[in-house]
Amino acid sequence: MEPITIVLALVGVVVGFGVNQSMTKKKLGSAAAEAEKQLEKAKKESSKLVQEARDEAAKIADEARKDEATRRKEFKDVENRLVAREESLDKKLDDLDKRSEKLRASEVEVEELKNEIRELRTKQQEKLEKIAKLKQSEAAEKLMQMTERDIREDLKGLIFKLQTEAKENAEELAAAEMIAAMERMANDVTAERTVTALKLEDEEMKGRIIGKEGRNIQALQRETGVDILVDDTPGYVVISTFDPVRREVARQSLEMLMKDGRIHPARIEEVVAKAQANVQKEVVRAAEDAAREVGVVGMPKEVLQLLGELKYRTSYGQNVLKHSIEMAQISAIIAEQIGADVKICKYGALCHDLGKALSHKVEGKHHHISGEMLRKYGVPEEIAHAAEAHHDDIEATTLEAMVVRVVDAISAARPGARNISAENFAERMRDLENTALSFPGIEKAYAISAGREIRVFVRPQELDDLSAIKTARDIATKIESTMQYPGTIKVMVLRETRAIEYAK
């Protein structure tokens with residue numbers, strides 16, 4: 001490079017540096033001036049803000065002082081009121097203490113007066129007893145005797161009138177309601193037996209049922225628990241037992257064996273087990289159908305099981321499940337007419353004879369067992385009571401229980417519903433007459449109208465008219481508590497006084 005070029009470059013650098021330094025100083029000067037300006041402005045604004053803050057603080061302090069003064073005044077007013085109330089309470093307590101003292105003094109005076117009155121009454125009573133020559137108890141007894149003698153005739157007339165009116169109205173209304181309910185029911189009535197007969201195809205089948213040395217029939221009887229009679233009726237096999245469930249199992253088992261043709265002990269065990277399963281299904285189905293037909297829902301499974309077993313139970317030849325269904329339907333009609341709870345009546349009527357499915361397993365009367373089973377499985381108490389009280393040894397305390405009792409008598413008393421032998425009928429007539437004759441003063445008693453009425457003749461010299469009325473009520477009560485019968489029994493007590501003289 002040439003020397004002149006280098007010199008020129010150095011000169012340019014020096015000149016540029018000087019110019020740049022001069023410009024930098026100018027910028028620094030203007031920046032310092034601007035900073036001074038901004039600082040002055042900031043000082044003015046800060047002094048203004050400080051003054052405003054001071055004014056605001058003074059204002060808040062004034063408000064706080066005013067609020068404090070107001071609160072102090074309120075507290076003072078409250079304190080004054082409390083002091084005034086305390087003084088008032090103290091004054092009332094003083095008044096109460098004075099009144100209590102006066103009352104204690106008055107009580108003492110009253111007690112003294114009572115003692116004086118008692119002494120005077122005792123003295124007067126002693127004087128009266130000396131004058132009348134009678135003690136108080138004797139005078140009261142004589143007064144009662146005189147009063148009873150004076151109003152005896154009025155009482156007899158009143159009792160007779162009330163009883164007549166009650167009977168007339170009750171019988172009229174009850175008959176109308178029951179007839180209205182019965183007219184709406186038209187169930188068929190079929191009496192059932194304790195035996196079942198199966199027709200044989202030929203006599204050879206009879207021998208196959210008996211088996212070699214009787215092993216087949218013995219196996220059948222052992223597995224089913226029934227008596228099988230083969231030789232009694234030509235062409236038929238008779239199954240006899242008082243347990244209808246076992247009888248149904250035996251019937252189905254025999255039918256399956258005769259249809260299959262293979263009859264031997266091993267096959268018998270298999271077929272009986274299958275028949276028992278079928279009967280169990282039929283039991284549950286029958287209970288569900290009955291509940292659905294009546295309109296009762298939500299029954300526990302255990303109750304349904306017992307209800308279904310009633311399909312194979314009979315009472316005097318009447319099927320118990322059909323009887324229960326009929327009762328539930330009639331009870332619903334009567335309950336609607338008299339304002340009772342329809343659900344309770346239907347439920348109680350449908351389950352009233354559950355105990356008959358367990359009567360051979362559980363001790364006690366069947367209606368007591370019915371109530372126990374319903375309570376055990378969580379059925380409401382009003383339903384359990386309605387089912388349990390359908391016989392007279394338990395008092396029906398609800399309207400629904402009385403409805404169930406009435407419809408039980410209606411269903412059982414339908415013509416042809418039950419088989420009652422002549423021997424049982426005669427025995428019931430004798431029991432009815434003996435019940436009436438067990439009372440004192442009874443001369444004769446006759447059961448008439450097929451046991452619907454009993455006429456009792458009393459000795460007039462031993463019983464008066466009032467006692468005759470009481471005797472009729474007592475006889476009816478004893479019949480209700482000791483005998484079982486459908487419908488109602490009319491008790492008629494007759495008292496006759498005859499005056500006989502002879503003209504000679």
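What you see is a predicted model; the values in this text were computed from it and never measured.
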For Ala387, all residues meeting side-chain contact (heavy atoms from CB on, under 4.5 Å), sequence neighbours excluded: His352, Leu374
Quick one: [atom1] on [X] to [atom2] on [Y], what's the gap to the nearest 0.5 Å?
X      : Y      : atom1 : atom2 : answer
Leu306 : Asp353 : CG    : CG    : 12.0 Å
Lys259 : Leu257 : NZ    : CG    : 11.5 Å
Arg405 : Ile394 : CZ    : CD1   : 9.0 Å

Contacts of type side-chain hydrogen bond (donor to acceptor under 3.5 Å, both in side chains), residue [X], not counting sequence neighbours:
X      : result
Glu269 : none
Glu381 : Arg375
Glu112 : none

Side chains of Gln305 and Glu309, donor plus acceptor under 3.5 Å: yes
Does the distance from a Lys or Arg side-chain N to an Asp or Glu carboxylate O, for [X] and [Y], drop under 4.0 Å?
X      : Y      : result
Glu255 : Arg251 : yes
Arg267 : Glu270 : yes
Arg428 : Asp431 : no

Let me have the donor-acceptor pairs involving side chains of residues 467-479, under 3.5 Å, with sequence neighbours excluded, atom names and distances please.
unit_1	atom_1	unit_2	atom_2	d
Ser467	OG	Asp464	OD1	2.6
Lys470	NZ	Asp474	OD2	3.1
Thr471	OG1	Ser467	O	2.7
Arg473	NE	Thr477	OG1	3.4
Thr477	OG1	Arg473	O	2.9
Lys478	NZ	Ser438	OG	3.0

Show me, pair by pair, the donor-acceptor contacts under 3.5 angstrom made by side chains of residues 281-288, not counting sequence neighbours?
unit_1	atom_1	unit_2	atom_2	d
Glu282	OE1	Tyr312	OH	2.6
Glu282	OE2	Gln252	NE2	3.2

Nearest heavy atoms of Val226 and Ala250, plus distance in Å: CG2-CB, 3.7 Å
Shortest non-hydrogen separation from Leu399 to Ala340 and the atoms involved: CD2-CB, 3.8 Å
Ring geometry between His367 and His391 (parallel below 30°, tilted from 30 to 60°, perpendicular above 60°): perpendicular
